[in-house]
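We're numbering straight along the sequence, starting at 1.
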Amino acid sequence: MTHQPGKSFRTAWVRLRSWVNIWKSSIRYKWMLLLFLFSLTPLVVMGIISFSISKSTINDKVTEYSEHLLSQTADNLDTRLGIYKDMMMQVLNNNEIVNMLRVLDQSDPARYDVDSLSLTTKLSTIVAINQDVQSISFVSQKHYIKGIYRWSKRTPVEVGPFLKPLEDGSNFRWYPTRYGTYVDSLNSQSAHVFSLAKQLYKTSDDSPLGIIAVLDIREEVLKELVSKAVSNNRDLQSFIVDGQGRLVSYADNKLIGQSVTEVLGTDGYDRILHSDGGEQRFPLSYQGNNLIVNVKRLHSNDWMVVNVISKSALYQDSNRLLQIILIIALICIVFSIITAMVLANSITNPILKMIRLMRQVMSGELTVRYKAKHRHDEFDILGNNFNFMVTRIDELLNAVYVEQNQKRVAELKALQAQINPHFLYNTLDIIKWTALIQKANNAAEMVSLLSRLLRISLGKGEETVTVEEEMEHVKCYLGIQKFRFNFNIETEVDMDDEVRLLRTPKLILQPVVENAIMHAFGELETGGEIRIRCFKVPGEGIRFEISDNGKGMDPGFARSLLTEQTADGEKSGGIGLANVDERIKLICGKMYGLEIQSEPGTGTTIRIRIPMMT
């Protein structure tokens with residue numbers, strides 16, 4: 001399957017839009033976002049400002065401290081180097097030493113390496129007070145004269161560089177650190193030393209003697225002075241270089257005497273050697289590290305003290321402060337989110353609760369009520385008004401129900417009042433004519449039937465009777481009508497046993513049978529049939545069927561009988577069928593009532609559907 005970037009983009013866009021819509025549509029998320037922004041914005045601004053100020057302050061303080069430390073270290077070195085110069089002058093101004101050296105230098109040139117116990121004793125007395133001095137020796141064009149210790153290498157090649165002060169007159173010359181080995185009659189020792197050299201002069205006329213005094217001083221002296229200055233700051237590196245860029249003193253002894261390129265690279269080497277003197281500061285990038293380099297030249301010679309500090313170390317405190325600010329910001333963000341959620345929920349929860357209650361009311365559940373929190377705020381007021389509104393609606397609905405029920409009872413009574421007098425009138429009319437034609441026995445039977453009929457009709461004042469009673473009622477009616485039609489209409493009444501005790505609205509069969517007797521047969525004198533059945537239809541309720549074999553009617557006219565209107569808009573002349581249909585719908589529901597099936601010349605079948613009532 002190939003990847004479809006467009007589809008992925010559309011999916012992401014739909015998700016983004018849905019997320020944005022949630023935040024746009026929900027008041028809860030709007031409140032949360034608002035509270036979160038209002039609480040977080042000042043924190044972010046204050047954090048940025050605090051970090052910027054602290055970073056700048058720390059940078060200034062550390063830079064100032066480094067410069068001060070550099071100046072202090074340079075001053076201490078100048079002071080110490082000055083002490084060595086004074087010691088050198090103390091030796092050179094000693095007449096006994098000068099005279100000894102003059103005699104020793106005039107010895108046989110074949111003896112290049114000259115030794116004098118008296119000179120060694122005299123020098124040891126002078127330098128004993130200063131433990132920094134490793135040794136003191138004297139060199140000339142002809143001889144190497146041992147002082148305190150003897151150099152292990154004393155050939156003219158090794159000694160030659162120390163004759164350069166002959167060109168400097170009375171000036172001092174400093175030599176960078178080297179690794180020297182010193183021997184005597186008992187043992188030998190090695191150490192990193194730097195040297196101070198100066199030409200000797202006669203004390204009488206200050207004329208040069210052509211002899212150079214070389215004072216060897218242990219490099220640990222410099223290292224101690226430098227390390228003491230930076231001992232409280234491990235992130236600061238300090239060392240000494242000479243005018244040619246060689247390391248005079250460095251923490252790693254292996255690099256002593258090497259070029260400063262090994263420590264600061266070519267760029268650092270160039271910046272240091274091409275400085276205008278005095279003090280300078282410059283940034284440097286070396287081996288992926290961003291450095292700040294401070295350089296200060298000594299007054300005693302061309303040596304320079306170099307302080308190197310990493311920017312990462314320089315900003316270590318500010319970065320630590322940034323971490324603290326970020327942690328505090330994270331805590332505040334979490335607190336702000338929780339606070340925003342609590343505050344938003346305290347506002348939106350009552351609204352959502354009110355919405356749920358309104359939906360229940362819309363579904364017809366009028367018993368719900370809003371429970372106030374007794375905070376006496378706007379939501380409690382809104383809830384109390386909601387409760388009053390629902391209570392009022394419930395009262396009005398109950399009033400409407402009672403009113404409609406009373407109206408329905410009144411309509412039923414009015415319909416029954418229309419049927420009963422009408423039927424009673426017809427019955428009495430039959431009795432009158434029967435009494436004229438026949439003897440009193442038939443009249444008595446009709447009166448008996450009428451009595452039973454009225455008893456069932458009136459019942460106990462209830463709207464419904466049993467199916468058995470309703471069928472008995474229609475039998476009485478048919479018995480009376482047979483007297484009238486001289487038994488020319490055959491009737492059949494049948495009902496299932498399972499429906500006998502079920503209830504039905506009363507007086508629903510008699511108007512239907514009456515309509516069939518009055519209109520279905522016309523002038524037919526024999527052969528008329530009316531069949532009445534009652535049975536249960538699974539899933540539908542109870543069904544009455546009244547069928548006749550009369551003349552039938554037009555289907556449109558049949559339908560109009562249920563509305564009391566004929567097809568041409570005229571009154572149908574009877575109120576029975578429409579009355580029955582309306583009463584059934586009032587008592588049982590709109591889905592129940594009468595159905596008329598008829599065609600001209602095929603008879604009529606009327607079906608009455610009612611529910612199962614016990």
- Between NZ of K202 and CG of N99, what distance do you get to the nearest 0.5 Å? 10.5 Å
- Is there a donor-acceptor contact under 3.5 Å from the side chain of N398 to the main chain of D394? yes
- Query: How far does CD of Q280 sit from CD1 of I272, to the nearest 0.5 angstrom?
  - Reply: 7.5 Å
- Closest approach of M354 and L382, non-hydrogen atoms and distance? CE-CG, 3.8 Å
- Task: Could I get the full list of ring pair (Phe, Tyr, Trp, His ring centres under 6.0 Å) partners for Y84, not counting sequence neighbours?
- Result: none
- Are the side chain of D105 and the backbone N or O of L101 linked by a donor-acceptor pair below 3.5 Å? no
- Task: Give the C-alpha distance, both sets of side-chain angles, the deciding distance and a yes or no for side-chain contact (heavy atoms from CB on, under 4.5 Å) between L255 and F239.
- Result: CA-CA 11 Å; L255 295 178; F239 52 88; over 6 Å; no
- Within a radius of less than 6.0 Å around NZ of K122, do more than 12 heavy atoms belonging to other residues, nucleotides or ligands occur? no
- Do the side chains of Y250 and H192 get nearer than 4.5 Å, heavy atoms only? no
- May I ask you to decide if the ring planes of F194 and W303 are parallel, tilted or perpendicular, using 30° and 60° as cut-offs? perpendicular
- Query: Looking only at atom types and distance, does a side-chain atom of Y144 sit under 3.5 Å from a main-chain N or O of W151, one as donor and one as acceptor?
  - Reply: yes
- Partner set under ring pair (Phe, Tyr, Trp, His ring centres under 6.0 Å) for F138, not counting sequence neighbours: none
- Message: On a heavy-atom basis, which atom in V183 and which in S152 lie closest, and how many Å separate them?
- Response: CG1-CB, 4.5 Å
- Query: Of all residues at least two apart in sequence or in a different chain, which pass the ring pair (Phe, Tyr, Trp, His ring centres under 6.0 Å) check with Y112?
  - Reply: none
- With a 4.5 Å limit on heavy-atom distance, are the side chains of N307 and I309 in contact? no
- List for me each residue that meets side-chain hydrogen bond (donor to acceptor under 3.5 Å, both in side chains) alongside S249, sequence neighbours excluded, and say none if there are none. E219
- Pair Y149, D216: side-chain N/O donor-acceptor within cut-off below 3.5 Å: no
- Message: Would you say S195 and R178 are linked by a side-chain donor-acceptor pair, where the criterion is simply a distance under 3.5 Å?
- Response: yes
- Message: If I compare all heavy atoms of L196 with all of M88, which pair ends up nearest, and what's the gap?
- Response: O-CE, 3.1 Å
- Message: Looking at R359, I'd like to know if its CZ atom is crowded, meaning that more than 12 non-hydrogen atoms belonging to other residues, nucleotides or ligands lie closer than 6.0 Å.
- Response: no
- Item | Heavy-atom side-chain contact between F282 and V295 under 4.5 Å | yes
- Query: With side chains defined as the heavy atoms from C-beta onward, is the minimum distance between R154 and K146 less than 4.5 Å?
  - Reply: no
- Residues V306, I240; criterion side-chain contact (heavy atoms from CB on, under 4.5 Å); working and verdict: CA-CA 6 Å; V306 181; I240 301 172; over 6 Å; no
- Task: With rounding to the nearest 0.5 Å, note down the distance linking NZ in K371 to CG in L357.
- Result: 10.5 Å
- Item | Whether K198 side chain and S170 backbone form a donor-acceptor pair below 3.5 Å | yes
- Message: Which residue in the set T120, D184, D113, T181 passes side-chain hydrogen bond (donor to acceptor under 3.5 Å, both in side chains) when paired with R150?
- Response: D113
- Query: Passes salt bridge (Lys or Arg N to Asp or Glu O under 4.0 Å), K164 versus E167? Steps please.
  - Reply: CA-CA 6 Å; K164 289 184 179 181; E167 305 171 0; over 6 Å; no
- Are E279 and S71 close enough that some pair of their side-chain heavy atoms sits under 4.5 Å apart? yes
- Could you tell me the separation between the CD1 atom of I136 and the OG atom of S124, rounded to the nearest 0.5 Å? 10.0 Å
- Query: Would a 4.5 Å heavy-atom cut-off, applied to side chains only, mark D267 and R271 as touching?
  - Reply: yes
- Task: Mind running side-chain contact (heavy atoms from CB on, under 4.5 Å) on D168 and Q199 for me, showing each step along the way?
- Result: CA-CA 8 Å; D168 298 335; Q199 185 177 192; over 6 Å; no
- Looking only at non-hydrogen atoms, find the nearest pair between Q106 and K142 and report the distance. CA-NZ, 4.3 Å
- Distance-minimising heavy-atom pair for S285 and N290: OG-OD1, 3.8 Å
- Results of salt bridge (charged side-chain N to carboxylate O under 4.0 Å, His left out) for R246 - residues two or more places apart only: D242
- Task: Answer yes or no: is there a donor N or O on one side and an acceptor on the other, between the side chain of D78 and the main chain of H299, under 3.5 Å?
- Result: yes
- One should read off an interatomic distance between K223 NZ and I256 CD1, to the nearest 0.5 angstrom, of 4.5 Å
- Task: Kindly compute the distance separating CG (L119) from OG (S137), expressed to the nearest 0.5 Å.
- Result: 9.5 Å
- Is the closest basic N to carboxylate O distance between E395 and R392 below 4.0 Å? yes
- Query: Is there side-chain contact between L225 and T73, with heavy atoms separated by less than 4.5 Å?
  - Reply: no
- Item | Considering all heavy atoms, the nearest T121-T125 contact | O-OG1, 3.0 Å
- Partner set under side-chain hydrogen bond (donor to acceptor under 3.5 Å, both in side chains) for Q258, not counting sequence neighbours: none
- Query: Does the side chain of Y370 come within less than 4.5 Å of P350's, by heavy atoms?
  - Reply: yes
- Message: Out of the candidates L291, V308, V226, only one should pair with Q237 under the side chain to side chain contact (heavy atoms under 4.5 Å, CB included) rule; please name it.
- Response: V308
